[in-house]
There are 2 protein chains.
Amino acid sequence: MKNSSLYKGSLTTIIMKLLEENGRMYGYEITQKVKQITAGELTITEGALYPALHKLESEGLLDVEVERVDNRLRKYYKLTESGEKETVNKMAELEEFIRNMQSILSPDVKPGLQL
Amino acid sequence: MKNSSLYKGSLTTIIMKLLEENGRMYGYEITQKVKQITAGELTITEGALYPALHKLESEGLLDVEVERVDNRLRKYYKLTESGEKETVNKMAELEEFIRNMQSILSPDVKPGLQL
DNA sequence: AAATATACCTAATTTTCTTAGGTATAAAAA
DNA sequence: TTTTTATACCTAAGAAAATTAGGTATATTT
C-alpha cells in the first residue's frame, strides 16, 4: 500500500494545521509541503485533497482567493475565524489521539500510571 | 462526536497489538481493554469490531476458538503466524504515522532536523 | 516532440465506520 | 419481582472519507 490506512480521517486536521502555520496556501502547495515535512512518506492524493478543501470551504472554515500566477490559476485557502477556532479543537484531538495510540503501543506507559 | 475521525483506519492495528500483548482475547474483552487503556477516551463500537474481527479471520491473520463460559458463548481470537508477522508491520506503520503527525503538529521538530 | 511539473477538477468504487437494530444469559437495582 | 445493566455475540443500511482513474490546461525540461 502507499499510505497506511492510519492516515484515513487525518486529512482535514493536516490541512487546517498547515494553514494555521502558513497563513494561506493553495492545493498543490499543500501536497508538496506534506511530502517535504514527512520526507516523502505521506502523499496527499488530489482526489482526496480537493473534495476536502471544498467541504471545509462550504462549512465556513476556509476562505478562498483565486489568483493567476504565470498564466495558471491558483486557489489560495486561508482559515476563517471559525476555522481558527476549529483548528484548536483539531489539535487537541490529535494530541489526545497520539497519546492514546502510544498507550496501546507501549502498554507499560499508560497515562497516569505510577511507575 | 464520540470518537474523533482520527481513529478511522486504526482499529485493525489496535486489535492486532492487543492480541500480540495478551495472547488471546474475545471481542467484548477487547472493547473493555481499550476503554481501560485510554481511560474511557476511546470506545470501540461493536458494529465496527465484529466485522473487523471476521475480516482478519478470513484473511488468515486470526484464529478462533469458541468456548462456553457461565453458559455464555465466547469467541477467543489469537494471532496466526502470518498475523504475527503482519502485526510487526502494523506497529512500524503506527510508529511512522505518529512521527509524521508529530512533525505536522510541531513544525520546528522535523525528523532529522539539526537543532 | 515528448515527458514532466504545475494546477485545477470530478465520478465511480472501495474501505471503514456509525447507527440502529437483533438475540440471549446473568447479575444488580428498583 | 420486575426492570435495568452487564455480558456476549451478531448484521444491515447508510454515511464518511478515501482510492483509483480519469479529465483539462499551461510551463518547463528533456
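So that the names make sense, note that chain A is the first sequence line, chain B the second, and so on, each numbered from 1.
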Self-check item: side chain to side chain contact (heavy atoms under 4.5 Å, CB included) between I15(B) and L49(B), worked out
Solution: CA-CA 9 Å; I15(B) 290 171; L49(B) 177 67; 3.8 Å; yes
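Applying the ring pair (Phe, Tyr, Trp, His ring centres under 6.0 Å) rule to Y7(A) yields the partners F97(B); only residues at least two apart in sequence or on another chain are considered. Legend: residues meeting side-chain hydrogen bond (donor to acceptor under 3.5 Å, both in side chains) with E57(B), ordered by chain and number and at least two apart, are absent. Residues satisfying the side chain to side chain contact (heavy atoms under 4.5 Å, CB included) criterion with E59(A), sequence neighbours excluded, are K55(A), L56(A), L61(A).
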Practice problem: Starting at the 5' end of nucleotides 15-30 of chain D, put B wherever the base has a protein heavy atom under 4.0 Å, S where only the sugar-phosphate does, and a dash everywhere else. | Solution: --SSBB-----BS---
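Atom CG of L73(B) and atom C1' of dA24(C) are 10 Å apart (whole Å). If you take CD of E67(B) and P of dT7(D), they are 19 Å apart, rounded to a whole angstrom. The NE2 atom of H54(B) sits 18 Å away from the P atom of dT15(C) (whole-angstrom rounding). Between the CD atom of E29(A) and the P atom of dA5(C) there is a distance of 18 Å, given to the nearest Å. Across the protein-nucleic acid pair, Y26(B) atom OH and dA6(D) atom P stand 15 Å apart, rounded to whole Å. If you take CG of L6(A) and P of dT15(C), they are 17 Å apart, rounded to a whole angstrom.
Taking 4.0 angstrom as the limit, Y50(A) places a side-chain polar atom (N or O) nearer than this to OP1 or OP2 of dC8(C). Applying the 4.0 Å criterion to OP1 and OP2 of dC9(D), one finds that Y28(B) has every side-chain N and O outside that range.
Sorted by first then second residue, the salt bridge (Lys or Arg N to Asp or Glu O under 4.0 Å) pairs that include residues 69-82 of chain B, not counting sequence neighbours, are E65(B)-K78(B). Among pairs with a residue in residues 21-72 of chain A, those fulfilling ring pair (Phe, Tyr, Trp, His ring centres under 6.0 Å) read Y26(A)-Y76(A), at least two apart in sequence or across chains.
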